[in-house]
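This report concerns only the one structure given below.
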Amino acid sequence: MKKICFTIYDMGAGHRATANALKEVIARRNLPWQIQIVEIFKEVFGFTRPQFVYNNWVLNKKWAKLINDPLSVPLFKLEIALRHRAWCRLLREYWREHQPDLVVSLMPLVNRVLYESLQTELPQTPFVTSITDFADCPPHFWIEPQEQLLICPSKLAVRQAQNVGYPDSRIYSTSGVVIHPRFAEPLTVNNRQQKRQNLGLKPDLPTGLVIFGSYGAPEMLEIAEGLEQSSLELQLIFICGRNEQLASALRNRTSRLPSFVEGFTSQIPYYMNLCDFFIGKPGSVGVSEAIAMKLPVITECNSIMTLFQERATADWLAENQLGIVVNNFRNIDEAVAELITPENYSRYKKNVDQTENRAVFEVVDILENILENTSATKDIPLLQTMQPN
């Protein structure tokens, strides 16, 4: 039984969601692996302030400027550097106790200390970083100049790794970011009209799904009001996550547009299946889930309120003509009107339909390959034997 360690932190829900998605595929394949998902900051470092600040202020309160500010991230990186020796010691103790056969980082910012501690304590154990954004945000974010393995979800991320000096033998590429395998299951549109009616919606109106991550966002009210004031004939499903105040505000507003409001739910594919397009923030996982469910996307990107690590998602979306990127949602009515115009919608829908994301399965294949190569060449330096898929 191989011990696989996925390292994450709970800043937002994306890193844990990625780990759980991989764990699901591993379980479906009955691979002889013991999976441990470790929240490194909390469980090893005993350090929870970053999660509190990010989740409560950056995500929940939408103070994105906190993390986009020119001082905030450099100061956090400085704190990480100052704590490097202490954290390296704690990690060495953790590796010594748990003896993993493979360590996979699903988190940015601390890959240097993860790698160096593992290399010191268990030098034969391979270290892999699987990037969960569409690109790196250098310096010292996802890609560190060290002799580890990288899994890159885009051509841009591959080029960034090569520019840092990674040879092709240490770079693996996938067809996108990892999303849960349920989003890869065949679409079922049986009784779509009836299912809409069950939610109090009209059976045949264009239907948009509005999601802003697991904490929702005030922009959802702005979007609702902007579309309310338009002459568009459509309806909306709002998924508010754990933001009950937002869900209550949306439920209690009077609107000419049919709508359905849901809180936190594990049934995102079901609701996506009832919709024609997606409106949300440019999070790599959320946008990728929408594309996998064949929904053209409307998202925003600007230098103030868009998290710097999410801007590459908006660039990827625009470059591949999978939807519309706006500067902000104040003119959401114009963006929706443009998207649902029949000739435009047909073009975006065709591009979305042709986009396939098999990353969750590809990453498990890659990890299986790494473990097989490691087991077969224990006495040979690991990086001399690795070949990418």
Side-chain angles (χ1 to χ4, degrees), residues 8-18 41 49-81 105-112 129-145 150-161 163-164 176-178 211-219 279-290 297-320 322-329:
I8 65 166
Y9 49 35
D10 284 322
M11 295 190 205
H15 305 285
R16 187 172 291 276
T18 300
F41 275 76
R49 176 166 51 82
Q51 299 96 309
F52 178 83
V53 170
Y54 190 86
N55 292 331
N56 288 278
W57 296 101
V58 176
L59 294 184
N60 200 6
K61 303 295 185 183
K62 286 300 291 183
W63 286 17
K65 199 173 187 304
L66 268 178
I67 193 169
N68 289 339
D69 188 279
L71 289 178
S72 301
V73 174
L75 285 174
F76 187 41
K77 290 179 178 179
L78 176 60
E79 182 172 23
I80 290 171
S105 171
L106 303 173
M107 56 194 294
L109 291 168
V110 293
N111 285 306
R112 178 182 164 223
T129 296
S130 184
I131 300 174
T132 65
D133 296 315
F134 277 97
D136 189 24
C137 303
H140 306 300
F141 196 66
W142 280 107
I143 301 174
E144 293 283 2
L150 280 176
I151 300 176
C152 298
S154 68
K155 293 178 181 178
L156 175 56
V158 169
R159 291 197 300 271
Q160 289 176 313
N163 290 339
V164 172
V177 301
V178 169
I211 305 180
F212 278 71
S214 59
Y215 292 88
E219 285 93 331
I279 303 174
K281 67 174 187 146
S284 59
V285 173
V287 167
S288 296
E289 289 172 350
V297 171
I298 298 175
T299 191
E300 72 169 352
C301 186
N302 60 68
S303 60
I304 301 298
M305 295 308 295
T306 304
L307 298 176
F308 66 87
Q309 71 269 25
E310 294 182 344
R311 294 172 191 166
T313 306
D315 293 340
W316 172 81
L317 188 80
E319 288 169 6
N320 290 280
L322 302 171
I324 296 173
V325 179
V326 298
N327 186 58
N328 57 65
F329 289 111

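Shortest non-hydrogen contact noted between Val177 and Ser288 is CG2-OG, 3.1 Å. Gly176 and Pro153 make their closest contact through O-CB, 3.3 Å (heavy atoms, listed as atom of the first residue, atom of the second, distance). Minimum interatomic distance between Phe212 and Gly280 (heavy atoms only, all atoms of both residues): CE1-CA, 3.7 Å. Here the closest non-hydrogen pair linking Ser130 and Trp142 is O-CZ3, 3.7 Å. Counting all heavy atoms, side chain and backbone alike, Ala135 lies closest to Leu156 at CB-CD2, 3.5 Å.
Atoms CZ and OG, on Arg311 and Ser303 in that order, are 6.0 Å from each other to the nearest 0.5 Å. Summarising the geometry, atom OG1 belonging to Thr299 is positioned 12.0 Å from atom CG belonging to Leu322; distances are rounded to the nearest 0.5 Å. Here the NZ atom belonging to Lys155 is positioned 15.0 Å from the CD atom belonging to Gln160, to the nearest 0.5 angstrom. Rounding to the nearest 0.5 Å places CD1 of Ile143 at 4.0 Å from CG of Asp136. Considering CD1 of Ile131 and CG of Leu106, their distance stands at 11.0 Å, rounded to 0.5 Å. The distance from the CE atom of Met305 to the CD atom of Glu310 is 11.0 Å, given to the nearest 0.5 Å.
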Residue pair Phe41, Met107: steps toward the side-chain contact (heavy atoms from CB on, under 4.5 Å) verdict: CA-CA 11 Å; Phe41 275 76; Met107 56 194 294; 3.8 Å; yes
Candidate pair Thr129 and Leu150, rule side-chain contact (heavy atoms from CB on, under 4.5 Å), full reasoning: CA-CA 5 Å; Thr129 296; Leu150 280 176; 3.7 Å; yes
Test side-chain contact (heavy atoms from CB on, under 4.5 Å) applied to Phe134 and Val287, step by step: CA-CA 11 Å; Phe134 277 97; Val287 167; 5.5 Å; no
Residues Val110, Ile80; criterion side-chain contact (heavy atoms from CB on, under 4.5 Å); working and verdict: CA-CA 7 Å; Val110 293; Ile80 290 171; 4.2 Å; yes
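Under a 3.5 Å cut-off, the side chain of Thr313 and the backbone N or O of Pro282 do form a donor-acceptor pair. The backbone N or O of Pro139 lies less than 3.5 Å from a partner atom in the side chain of Lys77, making a donor-acceptor pair. No donor-acceptor pair closer than 3.5 Å links the side chain of Asn327 to the backbone N or O of Asn302.
Relative ring orientation between His15 and Tyr9 is described as perpendicular, the plane-to-plane angle rising above 60° on a 0-90° scale split at 30° and 60°.
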